[in-house]
**Q** 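Dropping the structure in here first, questions after.
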Amino acid sequence: MRAKVIFLVGPTATGKSELGIKLASRIKGEIISCDSMQVYKGMEILSAVLPPVLRKKIRHHLVSYVSPKYEYNVVKFQRDAIKILKDIIKRGKIPIFIGGSGLYYKVLLDGIFTQQTHDKRLREKLYKEAKAYSSYFLYEKLKRIDPQSSAKIHPHDLKRIIRAIEVYEKTGIPISTWQKRTKGIINEYDVRIFGLLRSKDVIFKRIQERTERMFRAGVVEEIKRLLRVKLSKTAQQAVGIKEISGYLNSLYPLEEAKRLIVSNTLKLVKKQLTWFKRDKRINWINIRDNQTDDEVIKIILDEIKN
RNA sequence: GCCGAGGUAGCUCAGUGGUAGAGCGCUGCCCUGAAAAGGCAGGCGUGGUCAGUUCGAUUCUGACCCUCGGCA
């Protein structure tokens with residue numbers, strides 16, 4: 001019998017973390033974060049990590065895990081996550097993945113090729129070429145080496161063009177070929193995926209409240225602390241860093257920083273939704289405003305019983 | 001009250017005698033080593049109101065309304 005693995009996904013501010021803890025305590029679960037920002041240490045307030053008091057008793061993995069000085073990415077995530085997943089199962093517990101990072105989630109389920117292909121210098125070189133001759137120059141190059149990916153990638157999408165070229169240069173095999181050879185956990189375990197949804201109005205309200213709470217909890221101080229070190233390219237992308245930096249640099253008042261954070265978090269929600277909505281494997285739970293966590297847990301427990 | 005500037009897309013604004021664009025926003029979508037990233041697509045809006053000139057006005061003229069700045 002294959003071991004059970006549970007996923008709780010969906011956009012930010014739907015209450016995944018709280019639900020996850022309640023669920024974990026009912027089924028002897030441990031939580032593995034599937035969140036590209038909560039992995040970083042020292043960004044807890046900003047990335048809305050639940051305070052330790054609320055997390056006690058339930059083990060959390062991949063939260064406050066690496067220094068924001070370092071880059072973290074999907075491949076590292078899938079490597080770390082699978083290791084932890086196996087360990088949890090070995091200890092007779094149920095892994096519960098919780099998060100809103102669509103790519104992290106997808107890669108875990110469907111796999112990613114893990115050959116060492118990352119090459120900073122090569123990327124920089126390619127960027128320079130693109131700058132000098134436009135992205136079309138690189139796009140034509142990609143067309144020659146990997147017509148299959150070039151058909152999928154837009155000529156303006158420099159990041160993907162460069163990545164595809166990088167993979168080919170480093171391995172001699174087109175990225176499109178590599179991508180066909182991946183294998184995720186979806187067929188290896190008894191995977192149950194739940195997506196949490198709430199109405200737009202409720203999400204908006206929750207984001208506003210959460211943003212206020214963040215400021216009361218001292219995000220500004222947290223950001224000040226973070227800005228003292230050189231943040232990695234990946235960590236510095238978190239919503240709130242540039243918004244609060246603007247306030248710290250006296251470009252606008254505090255209220256404006258809050259407004260920007262709310263609006264950019266809302267944008268994030270929209271992107272997360274487009275990502276998850278098309279995944280037909282997700283079991284959606286549309287949470288009504290007056291519905292309690294326990295009622296939602298009951299739905300999930302009923303689903304995973306057999 | 002007088003003088004000046006202006007009223008065009010949700011916002012900031014460009015432009016034209018032949019019924020309008022840009023950026024941002026918004027909506028939808030794509031996504032496999034930066035993913036809270038990156039990319040793509042979508043614009044009939046009473047052109048403040050009314051009247052005049054004109055074959056034709058958002059574009060010229062006049063009146064009125066409103067906003068902003070200066071003077072009183």
Side-chain angles (χ1 to χ4, degrees), chain A residues 9 11-13 33-40 43 46-49 66 68 70-81 99-120 122-124 127 130 135-136 138-139 146 148-171 174-184 186 200 204 207 210-211 214 231-244 259-279:
Chain A
V9 299
T12 192
S33 161
C34 186
D35 187 300
S36 65
M37 290 304 158
Q38 293 193 348
V39 258
Y40 293 113
M43 294 184 19
L46 188 71
S47 62
V49 173
V66 285
Y70 303 116
E71 284 186 17
Y72 198 73
N73 61 42
V74 218
V75 171
K76 288 181 184 168
F77 168 75
Q78 95 119 28
R79 183 200 60 207
D80 295 342
S101 295
L103 181 64
Y104 282 21
Y105 153 81
K106 178 101 180 8
V107 153
L108 205 51
L109 285 187
D110 302 323
I112 190 168
F113 69 100
T114 51
Q115 270 64 26
Q116 185 49 256
T117 54
H118 195 97
D119 187 335
K120 231 176 178 165
L122 177 60
R123 279 188 191 188
E124 273 164 28
Y127 262 107
S135 67
Y136 287 89
L138 290 185
Y139 186 71
D146 186 358
Q148 257 191 62
S149 340
S150 79
K152 272 176 59 186
I153 299 172
H154 188 99
H156 291 171
D157 200 346
L158 236 201
K159 257 187 206 185
R160 291 200 168 76
I161 296 170
I162 288 181
R163 165 97 264 250
I165 294 174
E166 175 186 57
V167 169
Y168 182 77
E169 302 256 316
K170 298 291 285 186
T171 65
I175 190 170
S176 52
T177 306
W178 283 117
Q179 284 169 349
K180 278 180 219 136
R181 296 183 193 167
T182 64
K183 203 172 114 245
I186 185 83
K200 232 178 195 167
F204 179 65
I207 288 174
R210 184 172 92 180
T211 306
M214 272 165 46
L231 293 176
S232 68
K233 220 186 303 180
T234 47
Q236 70 190 195
Q237 290 164 348
V239 168
I241 294 180
K242 66 172 189 301
E243 291 82 351
I244 291 175
R259 205 194 50 87
L260 285 171
I261 289 175
V262 169
S263 126
N264 289 332
T265 308
L266 237 38
K267 265 189 238 172
L268 166 64
V269 168
K270 249 181 274 160
K271 287 195 87 172
Q272 288 174 307
L273 274 176
T274 18
W275 185 283
F276 288 119
K277 264 192 299 189
R278 70 188 182 130
D279 191 325

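The sequence lines fix the lettering, A, B, ..., with proteins before strands; numbering per chain opens at 1. Every value quoted in this text rests on a predicted model; they were computed, and no experiment measured them.
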**Q** Want to settle it: does A:Gly240 or A:Leu266 sit nearer the 5' end of RNA chain B, counting the closest nucleotide to each?
**A**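 So the residue in question is A:Leu266.
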**Q** With sequence neighbours excluded, tell me which residues meet ring pair (Phe, Tyr, Trp, His ring centres under 6.0 Å) with A:His118.
**A**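 For A:His118, no residue satisfies ring pair (Phe, Tyr, Trp, His ring centres under 6.0 Å) once neighbours in sequence are set aside.
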**Q** Between B:G48 and B:U8, how far is it from one P atom to the other, in whole Å?
**A**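 Those two atoms are separated by 6 Å.
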**Q** Select base, sugar-phosphate, or nothing to describe what A:Ile241 touches, counting heavy atoms under 4.0 Å on all strands.
**A**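 Here A:Ile241 touches no strand at all.
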**Q** Could you run down the sub-3.5 Å N/O contacts of the protein with nucleotides 37-40 of chain B?
**A**
residue : atom : partner  : partner atom : Å
B:A37   : O2'  : A:Lys159 : NZ           : 2.1
B:A37   : O2'  : A:Gln237 : NE2          : 3.4
B:A37   : N1   : A:Arg160 : NH2          : 3.1
B:G38   : O4'  : A:Lys159 : NZ           : 3.1
B:G38   : O2'  : A:Asp157 : OD1          : 2.9
B:G38   : N7   : A:Lys271 : NZ           : 2.8
B:G38   : O6   : A:Lys271 : NZ           : 2.8
B:G38   : N2   : A:Arg160 : NH1          : 2.8
B:G38   : N3   : A:Arg160 : NH1          : 3.0
B:C40   : OP1  : A:His156 : ND1          : 2.6

**Q** Provide the Watson-Crick or G-U wobble partner of B:A57, both distances under 3.5 Å; none if there is no partner.
**A**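 Because no pair has both required distances under 3.5 Å, B:A57 counts as unpaired.
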**Q** B:C29 C1' sits how many Å from A:Phe276 CZ, rounded?
**A**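 Taking CZ of A:Phe276 and C1' of B:C29, I get 16 Å after rounding.
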**Q** By the 4.0 Å heavy-atom rule, please label A:Glu71 as base, sugar-phosphate, or nothing.
**A**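 Here A:Glu71 touches no strand at all.
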**Q** Quote, to the nearest angstrom, the P distance that separates B:G25 from B:A63.
**A**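 My reading of the P atoms in B:G25 and B:A63 gives 42 Å.
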**Q** Can you tell me the distance, in whole Å, between the CG atom of A:Leu231 and the C1' atom of B:A34?
**A**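 A:Leu231 atom CG is separated from B:A34 atom C1' by 14 Å.
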**Q** For the P atoms, the ones on B:U54 and on B:U49, what distance do you get once it is rounded to whole angstrom?
**A**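 Result for the P pair: 23 Å, nearest Å.
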**Q** Rounded to the nearest Å, what distance is computed from the CG atom of residue A:Asp279 to the P atom of nucleotide B:C29?
**A**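 Rounding to the nearest Å, CG of A:Asp279 and P of B:C29 are 14 Å apart.
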**Q** Roughly, in whole Å, what's the span from CG in A:Leu260 to C1' in B:C24?
**A**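 After rounding, the reported distance stands at 12 Å.
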**Q** Could you check how far CG of A:Leu109 sits from P of B:U32, rounded to whole Å?
**A**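 Between P of B:U32 and CG of A:Leu109: 16 Å.
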**Q** Look at A:Lys267 and B:G25 and indicate whether a side-chain polar atom (N or O) is within less than 4.0 Å of OP1 or OP2.
**A**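 For B:G25, OP1 or OP2 has a side-chain N or O of A:Lys267 closer than 4.0 Å.
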**Q** What orientation do A:Phe77 and A:Tyr104 show, parallel under 30°, tilted 30 to 60°, or perpendicular over 60°?
**A**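 Ring orientation, 0 to 90° scale: parallel.
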**Q** Categorize A:Lys200 for me: base, sugar-phosphate, or nothing, with a 4.0 angstrom heavy-atom threshold over every strand shown.
**A**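 The answer is sugar-phosphate, as A:Lys200 gets under 4.0 Å only of primed atoms, P, OP1 or OP2.
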**Q** Would you find more than 12 non-hydrogen atoms of other residues, nucleotides or ligands less than 6.0 Å from A:Lys180 atom NZ?
**A**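 Check passes, neighbour count above 12.
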**Q** Which whole-number value in Å describes the distance from A:Gln272 CD to B:C30 P?
**A**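 In whole Å, B:C30 P and A:Gln272 CD are 16 Å from each other.
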**Q** Under the ring pair (Phe, Tyr, Trp, His ring centres under 6.0 Å) test, which residues partner A:Tyr136, sequence neighbours left out?
**A**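 Applying ring pair (Phe, Tyr, Trp, His ring centres under 6.0 Å) to A:Tyr136 gives A:His156.
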**Q** For a 4.5 angstrom cut-off between non-hydrogen side-chain atoms, does A:Tyr105 reach A:Asp279?
**A**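 The answer is yes, as the side chains (C-beta and beyond) meet within the 4.5 Å cut-off.
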**Q** C1' atom, B:A9 versus B:C44: distance in rounded Å?
**A**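 One C1' to the other, the span is 11 Å.
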**Q** If you look at every strand shown and take non-hydrogen atoms under 4.0 Å, does A:Tyr127 touch a base, only sugar-phosphate, or nothing?
**A**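 Base contact.
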**Q** side-chain contact (heavy atoms from CB on, under 4.5 Å) with A:Ser176: which residues, sequence neighbours excluded?
**A**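 Checked A:Ser176 against side-chain contact (heavy atoms from CB on, under 4.5 Å); matches are A:Asp146, A:Gln148, A:Ser149, A:Pro174.
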**Q** What does A:Thr234 touch in the nucleic acid at a heavy-atom separation under 4.0 angstrom: a base, only the sugar-phosphate, or nothing?
**A**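 A:Thr234: backbone/sugar contact only, no base atoms under 4.0 Å.
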**Q** When we call it a touch if two heavy atoms are under 4.0 Å apart, what does A:Thr114 touch: a base, just sugar-phosphate, or nothing?
**A**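 Touches a base.
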**Q** How far does the P atom of B:G70 sit from the matching atom of B:C64, given to the nearest Å?
**A**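 To the nearest whole Å, 24 Å.
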**Q** With a 3.5 Å limit on both atom pairs, tell me what B:U16 is paired to, counting Watson-Crick and G-U wobble, or say none.
**A**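 Partner of B:U16: none found under 3.5 Å.
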**Q** Strictly by Watson-Crick or wobble contacts shorter than 3.5 Å, is anything paired with B:C68, and which nucleotide is it?
**A**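 Across all strands, the one nucleotide that pairs with B:C68 is B:G4.
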**Q** Looking across every strand, which nucleic acid part, if any, lies under 4.0 Å from A:Val74 by heavy atom: base, sugar-phosphate, or nothing?
**A**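 Touches sugar-phosphate only.
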**Q** When the P atoms of B:G6 and B:G28 are considered, how many whole Å apart are they?
**A**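 Those two atoms are separated by 39 Å.
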**Q** With sugar-phosphate meaning primed atoms plus P, OP1 and OP2, does A:Ser47 contact a base, only sugar-phosphate, or nothing at under 4.0 Å between heavy atoms?
**A**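 Base contact - A:Ser47 has a heavy atom under 4.0 Å of at least one base atom.
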**Q** Touch check for A:Asn264, heavy atoms < 4.0 angstrom, all strands: base, sugar-phosphate only, or nothing?
**A**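 Answer is nothing: A:Asn264 stays at 4.0 Å or more from every strand.
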**Q** To the nearest Å, give me how far apart CD (A:Gln78) and C1' (B:U32) are.
**A**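 Roughly 10 Å, once rounded to whole Å.
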**Q** Separation of A:Ile112 atom CD1 from B:A34 atom C1', in whole Å?
**A**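 Nearest whole value for this atom pair: 12 Å.
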**Q** Would you classify A:Lys277 as touching base, sugar-phosphate or nothing, given that sugar-phosphate means primed atoms plus P, OP1 and OP2, and contacts are heavy atoms under 4.0 Å?
**A**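 Touches sugar-phosphate only.
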**Q** If I pick the C1' atom on B:G18 and the same atom on B:G56, what distance separates them, to the nearest angstrom?
**A**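 Taking atom C1' in both B:G56 and B:G18, they lie 6 Å apart.
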**Q** Return the set of residues passing salt bridge (Lys or Arg N to Asp or Glu O under 4.0 Å) with A:Lys76 (not counting sequence neighbours), or none when no residue passes.
**A**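 With neighbours one apart ignored, the set is empty.
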**Q** Please give me the minimum heavy-atom distance between A:Arg210 and A:Ala13, naming the atom from each residue.
**A**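 Smallest interatomic distance, heavy atoms only, reads NH1-N, 3.5 Å.
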**Q** Contact class for A:Glu166 vs. all strands (heavy atom < 4.0 Å): base, sugar-phosphate, or nothing?
**A**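 No contact at all - A:Glu166 keeps every heavy atom at 4.0 Å or more from the nucleic acid.
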**Q** Counting N and O atoms only, with roles assigned by atom type, does the side chain of A:Gln272 sit under 3.5 Å from a partner on the main chain of A:Thr12, one being a donor and the other an acceptor?
**A**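 Yes; judged by distance alone, with no hydrogens or angles, the pair exists.
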**Q** Now, which nucleotide makes the Watson-Crick or G-U wobble pair with B:U49, with each of the two distances under 3.5 Å?
**A**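 Paired with B:U49, as far as the under-3.5 Å criterion goes, is B:A63.
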**Q** Would you mind classifying the nucleic acid contact of A:Gly111 as base, sugar-phosphate or nothing, using non-hydrogen atoms under 4.0 angstrom?
**A**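 Answer is base: heavy atoms of A:Gly111 come under 4.0 Å of a base.
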**Q** Which part of the nucleic acid, if any, lies within reach of A:Tyr72 when heavy atoms closer than 4.0 Å are counted: base, sugar-phosphate only, or nothing?
**A**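 If one applies the 4.0 Å heavy-atom cut-off, A:Tyr72 turns out to touch the sugar-phosphate alone, with no base involved.
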**Q** Can you tell me how far C1' in B:A35 sits from the matching atom in B:U46, rounded to whole Å?
**A**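 Result for the C1' pair: 44 Å, nearest Å.
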**Q** Report the base-pairing partner of B:G10 (Watson-Crick or G-U wobble, both distances below 3.5 angstrom), or none.
**A**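 By the stated definition (distances under 3.5 Å), B:C24 pairs with B:G10.
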**Q** Partners of A:Ile162 by side-chain contact (heavy atoms from CB on, under 4.5 Å), sequence neighbours excluded?
**A**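 Once residues adjacent in sequence are excluded, the partners of A:Ile162 under the side-chain contact (heavy atoms from CB on, under 4.5 Å) criterion are A:Arg123, A:Leu126, A:Tyr127, A:Leu138, A:Leu158.
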